[in-house]
Amino acid sequence: MENVINFGLGEPDFETPEPIRAAGVAAIGEGFTHYTANAGAPAVREAVAEKLRSRNRLSSVDAESIIITAGAMGALYLAMLALMEPGEEILASDPGWTNYEGQAILVGGRLIRVSAGADLDFALSRAELEAAAGQRAKIVLVNSPANPTGTVLRREQLEEIADFAAERDLYILSDEVYEDFVWDDAEHLSIGSLPRAADRTITIGSFSKSYAMTGWRAGYAAGPTEVISSMVKLQENIFSCASSISQMAAVAALQGGRGLLAPMLDTYRDRRALALELLSEIPGVYPHRPAGSFYIFADISALGESSEQFALELLEQEQVVVVPGDAFGPGGEGFVRISYATDQSNIREGMARLARFAANRSAP
Ligand code: PLP
């Protein structure tokens, strides 16, 4: 199709900032192009540990408790492989990011969907966790800020999850790839910084979203050293190590820190405000106001269609891409995910088309 407005993107539309690209080029120029240690180059592990201590308040983390991976996906996969025996369960919110289920299946485990609907602000609750957990539950997956809903869990919600995990002796996998994308007065809190969760949490982070580095494939996990050392052994047999070049670029990203992030975050903030304002003017489309990430989960059920049908017809009639909510589990039915990782002119044009489409739908 031509002339498509794409609100389907799950990645930043920015270029990787120049100092990060320069560090990658320098790594190549200096011949830093060989295997690194399986766990990652020592300087990179140290830089990530320092970031997690100072920004995420994971006070007991050191370089030994870090593994550098091929994106957060590498970290999530290695963690599930290290922790889960065949048939064991990982509890994750419904709706939730699609790839968790694929990875659980790959390691012979099962993903159990824990209902976290709009009435709960799409947050995992203790009551729903208890209702869903079976005898073979092993891991609770926490994704805050969340894809696709943007939900940012508050301290008391994280404490509930930590208490549940401690009582049931479960690990917590905390996927924090959207940690920098928090809006209004929301704050990102790492569940691993809570005393009850500290010794059972594997914190997973990434350079992909914050620093517009999706193609570099750089991420990490931090957690109990016995879990990390299992992940390191598995990494030897699967990936060997994360790209040496990307590891050097990741250090430059951490050194640049807020200075590199701030201009991009300001742009996302403006886009979010614009997208929410325009959406709020469309009868029949009700955006759930997201506190985090760069997605808006919008309720389209008043327009009387399945979310898949809605997305297909919107594409065919108006050439606008959104992701049907049921792609993220049955709990996403009736919603579509709109990514605002695209510029303001696309947002204006796409919303005008969406408004026309919705008006045609709701016409008698
Ligand atoms: N976790 C979530 C919730 C995501 O949405 C994504 C990418 O869309 C990832 C992890 C993957 O991140 P990475 O590029 O670091 O593998």
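None of these values were measured; they are calculated from a predicted model. Counting starts at 1 for both ligands and their atoms, following the listed order.
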**Student:** Any chance the rings of Phe122 and Phe335 have centres within less than 6.0 Å?
**Tutor:** yes
**Student:** Output every pair passing salt bridge (Lys or Arg N to Asp or Glu O under 4.0 Å) with a member in residues 58-81, not counting sequence neighbours, ordered by first then second residue.
**Tutor:**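 Pairs touching residues 58-81 that pass the test: none.
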**Student:** Considering only N or O atoms, set out every pair between ligand 1 and the protein closer than 3.5 Å, with distances to one decimal place.
**Tutor:**
from, atom 1, to, atom 2, distance (Å)
ligand 1, 1 (N), Asp175, OD2, 2.6
ligand 1, 5 (O), Asn147, ND2, 2.8
ligand 1, 5 (O), Tyr178, OH, 2.8
ligand 1, 8 (O), Lys209, NZ, 2.6
ligand 1, 14 (O), Ser208, OG, 2.7
ligand 1, 14 (O), Arg217, NH1, 2.9
ligand 1, 15 (O), Ala72, N, 2.7
ligand 1, 15 (O), Ser206, OG, 2.6
ligand 1, 15 (O), Ser208, OG, 3.2
ligand 1, 16 (O), Ala72, N, 3.1
ligand 1, 16 (O), Met73, N, 3.0
ligand 1, 16 (O), Arg217, NH2, 2.8

**Student:** Begin from the C-alpha positions of Tyr220 and Leu52 and carry the test side-chain contact (heavy atoms from CB on, under 4.5 Å) through to its verdict.
**Tutor:** CA-CA 11 Å; Tyr220 54 85; Leu52 288 171; 4.1 Å; yes
**Student:** Any idea how Tyr211 and Phe207 line up, ring-wise: parallel (<30°), tilted (30 to 60°), or perpendicular (>60°)?
**Tutor:**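 Rings of Tyr211 and Phe207: tilted, as their planes differ by 30° to 60°.
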**Student:** Would you list the pairs meeting salt bridge (Lys or Arg N to Asp or Glu O under 4.0 Å) in which at least one residue belongs to residues 278-294, sequence neighbours left out?
**Tutor:** Asp184-Arg289
**Student:** So which pairs with a foot in residues 90-112 pass salt bridge (Lys or Arg N to Asp or Glu O under 4.0 Å), sequence neighbours left out?
**Tutor:** Glu89-Arg110, Glu101-Arg113
